[in-house]
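Here the structure is laid out as structure tokens; the discussion comes afterwards.
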Amino acid sequence: MITITVNDETLNVDEQITVERLLETRGFPDKGIAVALDATVLPRSQWDRALADGARVEVVTAVQGG
């Protein structure tokens with residue numbers, strides 16, 4: 001197990017978890033989100049990357065409206 005932070009929430013997760021799998025298990029939508037890993041925006045093409053112990057993930061959901 002490793003410890004990561006997702007949107008300021010500390011989680012213990014499997015050491016093989018990828019960004020994509022993390023998003024799935026946390027219930028984030030498939031579209032309309034942006035992900036930053038350790039303060040760097042992570043392109044969707046790199047969401048298959050495994051997370052390291054201590055990683056900080058920020059997920060932002062796009063919202064429409066005025």
Side-chain angles (χ1 to χ4, degrees):
M1 296 293 270
I2 60 171
T3 302
I4 63 170
T5 304
V6 180
N7 291 356
D8 295 324
E9 180 182 353
T10 302
L11 303 173
N12 292 311
V13 296
D14 186 293
E15 60 191 36
Q16 301 299 318
I17 197 164
T18 63
V19 173
E20 184 174 37
R21 183 71 182 130
L22 173 71
L23 297 173
E24 289 172 2
T25 60
R26 301 297 294 168
F28 287 101
D30 292 338
K31 298 183 186 226
I33 62 173
V35 176
L37 176 59
D38 297 324
T40 302
V41 175
L42 192 64
R44 188 176 291 267
S45 62
Q46 294 181 22
W47 287 7
D48 60 350
R49 167 186 287 184
L51 295 168
D53 191 43
R56 296 189 61 82
V57 179
E58 294 293 328
V59 183
V60 179
T61 304
V63 178
Q64 290 184 330

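What you see below is based on every heavy atom in this structure, not just the backbone, and it leaves out hydrogens, waters and symmetry mates.
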Heavy-atom pair of closest approach, residues Asp8 and Arg56
OD1-NH2, 3.4 Å
Please list, chain by chain and in numerical order, all residues satisfying salt bridge (Lys or Arg N to Asp or Glu O under 4.0 Å) with Arg44, sequence neighbours excluded.
none
Listed partners of Asp30 passing salt bridge (Lys or Arg N to Asp or Glu O under 4.0 Å), at least two apart:
none
By side chain to side chain contact (heavy atoms under 4.5 Å, CB included), which residues pair with [X], not counting sequence neighbours?
{"X": "Gln16", "result": "Asp14"}
{"X": "Glu20", "result": "Thr18, Glu24, Trp47"}
{"X": "Asp53", "result": "Ile2, Thr3"}

Is there side-chain contact between [X] and [Y], with at least one heavy-atom pair below 4.5 Å?
{"X": "Arg26", "Y": "Leu11", "answer": "yes"}
{"X": "Leu22", "Y": "Ile4", "answer": "yes"}
{"X": "Leu51", "Y": "Leu37", "answer": "yes"}

Remaining members of the apolar cluster that contains Val41, side-chain heavy atoms under 4.5 Å
none
Hydrophobic cluster identity match, Val60 and Leu42, side-chain contacts under 4.5 Å:
no
